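Order of appearance sets the numbers: ligands from 1, and atoms from 1 within every ligand. Worth saying up front: this structure is predicted, and the values here are computed from it rather than measured.
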Amino acid sequence: MSAKVLVLPGDGIGVEVMASAVSVMQKVASDAGLPLAFTDGLVGGLAIDRHGTPLPDDTLVAAKASDVVLLGGVGGPKWDNLPTAQRPERGLLRLRSELALFANLRPAILFGPLAAASSLKPELVADLDILILRELTGGIYFGEPRGIREENGERVGFNTLVYAEHEIERIARVAFDLARKRNGRVCSVDKANVLEVTALWREVVTRVHQAEFQDIELSHMFVDNAGMQLVRAPKQFDVIVTTNMFGDILSDVAAMLTGSLGMLPSASLAASGKGLYEPVHGTAPDIAGRNIANPLATILSVAMAFRYTLNAGGCADRIEQAVARVLADGIRTADIAAAGEATVGTREMGEAVLAAL
Ligand code: IPM
Ligand code: MG
């Protein structure tokens with residue numbers, strides 16, 4: 001039986017980077033004799049333009065029926081003035097929630113040849129390999145009540161940061177399991193000195209650790225300190241587990257450590273193993289449609305799909321090795337090129353990866 005892959009290029013550079021990633025996925029799967037059935041759909045701004053909603057019903061139905069969803073990115077200036085509830089981003093948030101994709105894996109790995117592209121000194125980031133595990137279907141992103149109301153003649157905006165114990169337990173287990181396959185260390189990031197909900201977070205993470213994962217080293221850090229430590233000495237971390245919003249922020253910081261947001265893949269997993277895979281970068285409207293964007297984050301997201309949903313770790317290794325090879329050969333898109341270095345376009349980078357495969 002074929003595994004089902006839903007391709008959602010989305011907006012901006014999503015369309016371009018997705019084309020390269022799909023070619024890579026097709027080649028690697030066919031070499032491995034792994035049958036995949038591809039379909040595509042609309043999400044985000046383009047879906048708003050065509051269907052008046054960022055997540056049309058048929059896209060949601062197709063996503064629910066798929067094993068793997070590949071997503072390029074959503075949003076752009078054209079839709080920036082829409083109210084929060086109608087924006088392209090809402091399509092992505094609903095997908096995460098409807099598919100119960102509670103575990104968001106955001107690795108920050110520095111490829112050796114790119115050490116100079118980091119904004120930190122090369123010795124601070126050489127061989128960096130950390131994993132941010134972000135809770136993705138709870139917290140302040142989804143908490144109720146939320147809104148803007150009138151109060152004493154002015155408007156008051158409000159959101160709710162809420163976590164139930166079972167939500168903390170399941171993300172903690174994923175963190176410890178991942179750490180077991182890596183370097184055995186988890187740092188849980190919270191704001192337990194100020195927010196009750198994250199005091200509960202700390203307590204539950206500690207309880208899960210005590211009960212099931214004593215072989216793993218667990219530490220706790222406040223989020224402000226974690227932000228500081230990430231730019232001061234990022235290699236102290238192995239797995240960082242944190243809430244939805246703290247993970248959103250820290251994963252962008254971690255991304256920059258590696259020299260380019262254009263390099264970072266992500267996986268959003270449900271308990272069933274089903275996953276949505278997307279680059280961490282956005283839709284970069286300023287360079288969209290110009291064959292400039294770096295497709296490697298999306299290609300590396302495909303590698304994660306092979307590893308985490310399709311149980312084909314060998315295929316994932318192949319893709320990651322091909323990317324490493326292309327970088328070692330000095331092939332660069334503009335975002336990862338040093339000053340004066342020659343650059344290639346999106347398509348050429350994709351072709352270079354295919355050739356390396
Ligand atoms: C991300 C993005 C999204 C988020 C936006 C586009 C809704 O920043 O995936 O990190 O905030 O989760
Ligand atoms: Mg973000």
* **Greater than 12 external heavy atoms within 6.0 Å of E144's CD** =>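 Yes.
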* **Cation-pi, F213 ring and R180 (6.0 angstrom, 45 degrees)** =>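 Pair R180/F213 does not count as cation-pi.
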* Residue portion contacting ligand 1 (non-hydrogen atoms closer than 4.0 Å) for H281 ->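 For H281, there is no contact with ligand 1 at all, from either part.
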* Report the part of R87 in contact with ligand 1, treating N, CA, C, O as backbone and CB onward as side chain, heavy atoms under 4.0 Å; options are side chain, backbone, both, neither. =>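 Neither; no heavy atom under 4.0 Å.
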* **Which of the ligand 1 atoms, numbered from 1, are nearer than 4.0 Å to a heavy atom of R106** =>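 Near R106, meaning under 4.0 Å from one of its heavy atoms, ligand 1 has 1 (C), 9 (O), 10 (O).
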* Asked: What are the atoms of ligand 1, with element, lying closer than 4.0 Å to any heavy atom of Y141?
  ->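 In order of number, 4 (C), 11 (O), 12 (O).
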* Give the residue and atom name of whichever protein heavy atom lies nearest to atom 6 (C) of ligand 1, and the separation in Å to one decimal. =>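 The protein heavy atom lying closest is E89 CG, 3.6 Å.
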* To do: Specify the protein heavy atom at minimum distance from atom 2 (C) of ligand 1: its residue, its atom name, and the distance to 0.1 Å.
  =>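 I find the closest protein heavy atom is D248 OD1, 4.0 Å.
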* Where do Q229 and R232 land on the side-chain hydrogen bond (donor to acceptor under 3.5 Å, both in side chains) test, with the steps shown first? -> CA-CA 5 Å; Q229 295 298 334; R232 190 188 73 88; 3.0 Å; yes
* **Among the N, O or S atoms of D248, the one nearest the Mg ion (ligand 2)** =>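 Considering only N, O and S atoms, D248 comes nearest to the Mg ion (ligand 2) through OD1.
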* Calculate, to the nearest 0.5 Å, the distance between atoms CG and CG belonging to D335 and L114 respectively. =>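 One gets 9.0 Å once the value is rounded to the nearest 0.5 Å.
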* Got a second to check how far T198's OG1 is from L161's CG, nearest 0.5 Å? ->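 It is 7.0 Å, given to the nearest 0.5 Å.
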* Taking distance alone, with no angle check, do R134 and ligand 1 share an N/O pair under 3.5 Å? ->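 Looking only at distances, the answer is yes, because the N/O contact criterion of under 3.5 Å is met.
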* Taking the non-hydrogen atoms of R96, is any one of them nearer than 4.0 angstrom to ligand 1? ->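 In this structure, R96 qualifies as a contact of ligand 1 - some heavy atom is under 4.0 Å.
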* **Donor-acceptor contact below 3.5 Å, side chain E150 vs main chain N152** =>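 No, because the side chain of E150 does not come within donor-acceptor range (under 3.5 Å) of the backbone of N152.
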* Asked: Side chain of T309, backbone of G273: donor and acceptor closer than 3.5 Å?
  ->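 Between the backbone of G273 and the side chain of T309 there is a qualifying donor-acceptor contact (under 3.5 Å).
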